[in-house]
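Since the structure comes first, as structure tokens, the remarks are kept for the end.
Values reported hereafter were calculated over all heavy atoms of this structure, with side chains retained and with hydrogens, waters and symmetry mates removed. Given the structure is predicted, the values throughout are model-derived calculations rather than measurements. Just so we're on the same page: letters track the sequence lines, and every chain starts at 1.
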There are 2 protein chains.
Amino acid sequence: MQIRQIAAQQNIPDRYLEQLLATLRRAGLVRSQRGARGGYLLARDPWKITLYDIVSCIEGFDTQADTEKQPSTAEGLVISDVWQEVRQAAETVLQKCTLQDLLERRNARQQLDIMYYI
Amino acid sequence: MQIRQIAAQQNIPDRYLEQLLATLRRAGLVRSQRGARGGYLLARDPWKITLYDIVSCIEGFDTQADTEKQPSTAEGLVISDVWQEVRQAAETVLQKCTLQDLLERRNARQQLDIMYYI
DNA sequence: TGCAAACCCCAGTGGAGAACCGGAGTATAC
DNA sequence: GTATACTCCGGTTCTCCACTGGGGTTTGCA
């Protein structure tokens, strides 16, 4: 798909989407075809890409981001540990969720909507 | 304890800490004693206060914060759902963690440090 | 071959929210 | 009565994210 199409469908400024896709490309999640009739395509199958891959890529997940600036008191270290657990819990949720899952969920929801409409 | 003591120990500007404590007080998590020899104390026992109480109080957890601005497309709703799951996972971790737990962890860590020091 | 359409890179802007002062006021132990 | 604490409120940075702009380079196609 081309940036313009995605931007129009999802209502995102195309210049901004361009940056996001460039980041995803550098992380090897999508591939790009330059030139006229170019565009983007997924680098892997939809069930082999998790939300964790995407999120950790565009929002650079420094696992130790807060550890560095803590004065390493006993309290600070304990707090860091808990935050680490929270982050871990969130990450496992994202890791279990693939693009394929999202797609299926969307289709299921659309089916539901149609039934309600009838 | 008095604001000054906490601020000095944790290396936080006292005027800022004052605001945070005021928020906690309004949420009923701490009580305050005014006047000379005044200060703050926990409103409940340490094992009856969870990290979730604290975090959701000072950083007002709008459960539906992102739902309102999504154009409610099928995609947007699915994304909201996943985010809701992530948030839920993080919250359960915080809900399981009481101040008493943190205290015990800190003490355990301090014991460890002493042993290493020997 | 020319050119338009697409991707590519980099630098900067704007706004929202968190972190952080400052001043003036009020309650209370001593 | 007074010093010491909390209390309220407004303003000031500071940082991060969403977003914009102006240049490229690559490539399909007439």
Side-chain angles (χ1 to χ4, degrees), chain A residues 1-43 51 54-71 76 79 83 86-87 90, chain B residues 1-43 51 54-71 73 75-76 79-80 83 86-87 90 94:
Chain A
M1 285 193 72
Q2 298 182 345
I3 283 187
R4 291 225 177 145
Q5 301 173 29
I6 307 176
Q9 278 186 28
Q10 302 299 329
N11 216 33
I12 299 174
D14 49 355
R15 305 296 268 112
Y16 179 45
L17 180 60
E18 190 180 301
Q19 291 179 8
L20 299 181
L21 283 172
T23 308
L24 292 177
R25 189 184 55 80
R26 277 188 282 266
L29 288 175
V30 299
R31 279 182 296 142
S32 62
Q33 176 65 34
R34 299 178 77 149
R37 321 300 266 180
Y40 284 92
L41 67 161
L42 295 180
L51 272 188
I54 300 172
V55 173
S56 66
C57 156
I58 71 169
E59 176 225 341
F61 254 95
D62 326 338
T63 316
Q64 313 281 25
D66 42 353
T67 314
E68 78 213 4
K69 58 177 57 171
Q70 284 295 91
I79 295 288
W83 260 79
V86 172
R87 177 191 295 273
Chain B
M1 286 192 69
Q2 297 181 346
I3 283 188
R4 290 220 177 149
Q5 303 173 28
I6 308 177
Q9 279 184 28
Q10 303 298 330
N11 213 33
I12 298 173
D14 49 355
R15 303 299 265 114
Y16 180 44
L17 180 61
E18 188 180 303
Q19 292 177 8
L20 299 182
L21 283 172
T23 308
L24 292 178
R25 189 185 55 78
R26 278 188 282 267
L29 288 175
V30 299
R31 278 182 296 142
S32 62
Q33 175 64 34
R34 300 178 77 145
R37 320 304 263 178
Y40 283 92
L41 67 160
L42 296 180
L51 272 188
I54 300 172
V55 173
S56 66
C57 157
I58 71 171
E59 177 224 341
F61 255 98
D62 325 339
T63 316
Q64 313 280 25
D66 42 352
T67 313
E68 77 214 5
K69 58 176 59 170
Q70 284 296 91
T73 70
E75 288 88 357
I79 295 288
S80 293
W83 261 80
V86 171
R87 175 191 297 273
L94 290 178

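An OP1 or OP2 oxygen of C/dA6 is reached within less than 4.0 angstrom by no side-chain nitrogen or oxygen of A/Ser32. In terms of phosphate contacts, B/Arg26 brings no side-chain nitrogen or oxygen within less than 4.0 Å of OP1 or OP2 of D/dC6. When the side-chain nitrogen and oxygen atoms of A/Arg4 are compared with OP1 and OP2 of C/dA6, one or more of them lie within a distance under 4.0 Å. Look at B/Arg25 and you'll find a side-chain N or O under 4.0 angstrom from OP1 or OP2 of D/dT7.
Residue A/Gln19 places its side chain closer to C/dA11 than to any other of C/dA11, D/dC6, C/dC20.
Using a 4.5 Å heavy-atom cutoff, the side chains of B/Leu21 and B/Ser32 are not in contact. Contact check for A/Gln9 versus B/Glu75: no side-chain heavy atoms found under the 4.5 Å cut-off. In this structure, A/Leu29 and A/Leu42 have side chains that are not in contact, with every pair of non-hydrogen atoms separated by 4.5 Å or more.
As a whole-Å value, the separation of A/Gln33 CD from D/dT27 P is 7 Å. When rounded to the nearest whole Å, the span between CG of A/Leu17 and C1' of D/dT20 equals 14 Å. Protein atom CE of B/Met1 is 11 Å distant from nucleotide atom P of D/dC6, rounded to whole Å. Taking atom CD on B/Gln10 and atom P on C/dA19, their separation rounds to 15 Å, with Å as the unit. Here C/dA5 presents its P atom at 11 Å from CZ of A/Arg37, a figure rounded to the nearest Å. Distance CZ (A/Arg31) to P (C/dC8): 13 Å, rounded to an integer number of Å. Distance, A/Glu18 CD to D/dT20 P: 12 Å, rounded to whole Å. Distance, A/Tyr16 OH to D/dC17 P: 9 Å, rounded to whole Å.
Within the nucleic acid shown, B/Leu21 has no heavy atom closer than 4.0 Å to any nucleic acid atom. Contacts of B/Gln2 with the nucleic acid, taken as non-hydrogen atoms under 4.0 Å apart, involve only primed sugar atoms and P, OP1 or OP2.
Side-chain atoms of A/Arg34 come within donor-acceptor range of the base of D/dT25, with a qualifying N/O pair under 3.5 Å.
Annotation: of the two residues near DNA chain D, B/Tyr40 and B/Ala36, the 5′-most nearest-nucleotide partner is B/Ala36. Between B/Arg15 and A/Ala22, the residue anchored nearer the 5' end of DNA chain C, judged by the nucleotide with its closest heavy atom, is A/Ala22.
For the residue pair A/Ile58 and A/Thr23, the shortest heavy atom distance occurs at CA-CG2, 4.1 Å.
Formation of a donor-acceptor pair under 3.5 Å by the B/Gln2 side chain with backbone atoms of B/Gly38 is found in this model.
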